[in-house]
Amino acid sequence: MELSTKSRSVPIAVLLGGMFLSNVDIAVVNTATPAIRSGLAASAGEVELIVSAYTLAFAVLLVFCARLGGLYGFGRVYRVGLAVFVLASLACGLATGPWLLIVARVVQGAGAALLVAQVLTGIQVMSTGRQRTRALGAYTIVLAGSAVIGQVLGGLIVSANLFGTSWRPVFLLNVPLGIALFALCRTLPVGRSTTAAGRLDYPGAALLTVALGLLVFPLVLGPGEGWPGWTYGCLLAAVPAFAFFVVVERRTARRGAAALVRLELLGRRSISWTLAAAAVTGAIYFGILLVVAIYLQQGRGASAAESGLVMVPWVAAFGVAGPLLGRFSPRHRQLAGLAGTLLVAAGFAVVALLAAYGQPSSWVLALVLGIAGLGYGGTFAGTIAVLTDTVDTRYAADVSGLFNTIVRVGGVFGVAVFTTTYTATSSFVVVAVVMAASALVAAGLAAVGLTGPRQAVAEPAAGRHDRVGA
């Protein structure tokens with residue numbers, strides 16, 4: 001069935017609601033780790049896996065889950081993902097030992113990947129024009145708001161110690177919220193892509209999962225483990241693994257079968273270079289969240305609450321940019337990706353100068369980071385505008401999977417590189433300079449992407465039409 005413009009608002013809100021739950025879970029667990037460690041008598045390594053297992057499963061499975069949405073319908077796969085996420089959250093909250101919690105976190109991350117991978121697909125398929133612009137603005141608000149709320153909510157829940165349950169409500173709260181959201185899932189159309197018919201590319205899915213695992217696993221665990229030899233071995237092995245994946249995908253496409261990743265998309269300058277810029281800015285966004293916390297708490301003796309509040313303007317300003325850009329033309333929204341990265345670079349250059357000539361007060365640091373966060377919000381919104389405005393809806397699942405994976409893997413890379421840089425140099429100035437330089441690199445990548453052709457990728461063969469079906 002075709003959805004009216006008004007009736008599309010509810011299903012889009014449902015999609016964003018699931019993304020909100022999954023993103024809050026990332027931030028809220030970080031705050032609860034001390035209570036989890038003492039409550040389960042977990043070792044430092046087990047606590048690290050409790051935090052990282054979710055991120056690992058989430059990042060590795062996004063492309064695969066997006067393809068499932070294209071094959072079986074984003075609405076149907078979203079429902080499955082939400083159910084898995086809620087049941088896994090219940091298992092997390094009831095876990096009696098660290099390894100039970102780790103396994104439940106892996107399943108929870110897989111559920112989050114299933115539902116989050118459908119969000120951009122659903123927005124692109126169900127909306128056009130001004131409504132899509134508003135939906136993408138709401139997308140950035142939800143990303144920013146969930147990060148802020150997660151930072152605050154974790155501390156409040158653990159401190160409240162409801163009925164003596166300590167950290168458990170951090171996970172159990174997802175259950176009633178998820179059930180309420182699931183009740184609204186009946187508004188979601190199936191949204192099956194008419195070009196996704198055929199079997200799922202299982203060899204491609206397996207190879208990409210292995211390649212991403214070899215890349216992400218050492219990046220997540222390497223900093224905490226002191227970068228032992230196996231981490232470098234995994235990173236080196238990731239290179240031929242990705243190369244072999246590309247070879248297999250090309251052979252699959254030549255046979256006329258549906259490949260897991262449509263490599264022809266990456267052959268377009270506007271897509272490949274824009275995604276590269278998104279990876280770099282994603283690294284900066286996630287990297288600064290942890291580096292500032294370490295810098296303020298370990299370097300300056302600030303409290304956890306103070307370091308958390310300093311980062312609120314960074315994530316809050318990020319959410320403001322999307323709705324503001326909705327007032328601009330499509331071309332100006334695309335240019336915001338370039339302008340935003342330049343503002344990020346300027347913001348971190350100012351941070352480096354302030355830190356070089358004395359310790360900036362927390363409120364000054366928060367103010368400057370807020371300005372840089374506004375730039376990142378412009379970059380994020382501009383990136384999505386380029387990707388969704390230049391690609392037909394039949395490629396919605398492909399774009400969603402690639403974009404979400406690139407940003408998450410970039411974030412994992414940023415956390416590893418920037419925290420290692422800070423640990424090795426003990427200098428916040430050096431990290432800020434590296435981040436400013438990285439933002440300039442991202443600006444160059446975004447500029448190249450904007451020089452590519454802006455028309456949509458060619459439509460499929462005659463007789464095929466995109467549809468949103470129930």
* Asked: When you measure from the side chain of Y232 to the backbone N and O of P218, does any donor-acceptor pair fall under 3.5 Å?
  -> no
* For F403 and I384, run side-chain contact (heavy atoms from CB on, under 4.5 Å): C-alpha distance rounded to whole Å, both residues' side-chain angles, the deciding distance at 0.1 Å, then the answer. => CA-CA 8 Å; F403 175 73; I384 295 177; 3.9 Å; yes
* Asked: Taking all non-hydrogen atoms of both residues, which atom of A117 and which atom of N404 are closest, and how far apart?
  -> CA-ND2, 4.4 Å
* Would you call L212 and V409 a side-chain contact if the rule is heavy atoms closer than 4.5 Å? -> yes
* To do: Measure from the side-chain N and O atoms of T405 to the backbone N and O of L402, and report whether any donor-acceptor pair falls under 3.5 Å.
  => no
* If only atom types and distance count, is the side chain of R105 paired as donor or acceptor with the main-chain N or O of I50 below 3.5 Å? -> yes
* To do: Working to the nearest 0.5 Å, report the span between CG of L188 and CD1 of I12.
  => 10.0 Å
* Structure fact -> When rounded to the nearest 0.5 Å, the distance separating CZ of F85 from CG of D25 is 4.5 Å
* CA sep, side-chain torsions, deciding dist, call: F217, L56, side-chain contact (heavy atoms from CB on, under 4.5 Å) -> CA-CA 7 Å; F217 194 75; L56 284 167; 3.5 Å; yes
* Side chain E46, main chain R37, donor-acceptor under 3.5 Å -> no
* Say you draw a straight line from CG of L90 to CD1 of I179; how long is it, rounded to the nearest 0.5 Å? -> 8.5 Å
* Asked: Under 3.5 Å, is there a donor-acceptor pair between the side chain of Y78 and the main chain of V14?
  -> yes
* **R408 side chain to V60 backbone, donor-acceptor under 3.5 Å** => no
* To do: Check the pair V431, M435 against side-chain contact (heavy atoms from CB on, under 4.5 Å), reporting the backbone distance first and the verdict last.
  => CA-CA 6 Å; V431 175; M435 286 187 169; 4.0 Å; yes
* How far apart are the C-alpha atoms of Q108 and N174, what are their side-chain angles, what is the distance that settles it, and do they pass the side-chain contact (heavy atoms from CB on, under 4.5 Å) test? -> CA-CA 11 Å; Q108 190 186 35; N174 290 331; 3.7 Å; yes
* Structure fact -> Scanning both residues in full, the closest heavy-atom pair of I288 with Y285 reads CG2-O, 3.3 Å
* **For the student: nearest non-hydrogen atoms of V116 and S22, plus distance** => CG2-OG, 3.1 Å
* Identify the heavy atoms of A349 and A436 that sit nearest to each other, and give their distance. => N-CB, 3.9 Å
* Do the side chains of F171 and L101 get nearer than 4.5 Å, heavy atoms only? -> yes
* Does some side-chain heavy atom of L219 sit less than 4.5 Å from a side-chain heavy atom of V415? -> no
* Measure across L114 and G81 and return the closest heavy-atom pair with its distance rounded to 0.1 Å. => CB-CA, 3.5 Å
* Asked: When rounded to the nearest 0.5 angstrom, what is the spacing between CG in L62 and CZ in R67?
  -> 14.0 Å
* To do: Answer whether the closest heavy-atom distance between the side chains of W99 and I102 falls below 4.5 Å.
  => yes
* Quick one: does T420's side chain have a donor or acceptor within less than 3.5 Å of a partner on V417's backbone? -> no
* Does the side chain of F428 reach to within under 4.5 Å of the side chain of Q359, using non-hydrogen atoms? -> no
* So how far is it from L21 CG to L82 CG, rounded to the nearest 0.5 Å? -> 7.5 Å
* Asked: Is a donor on one side and an acceptor on the other found under 3.5 Å between the side chain of T379 and the backbone of T341?
  -> yes
* Shortest non-hydrogen separation from T383 to A278 and the atoms involved -> CG2-CB, 4.0 Å
* Flag, side chain of T274 to backbone of I271, donor-acceptor distance under 3.5 Å -> no
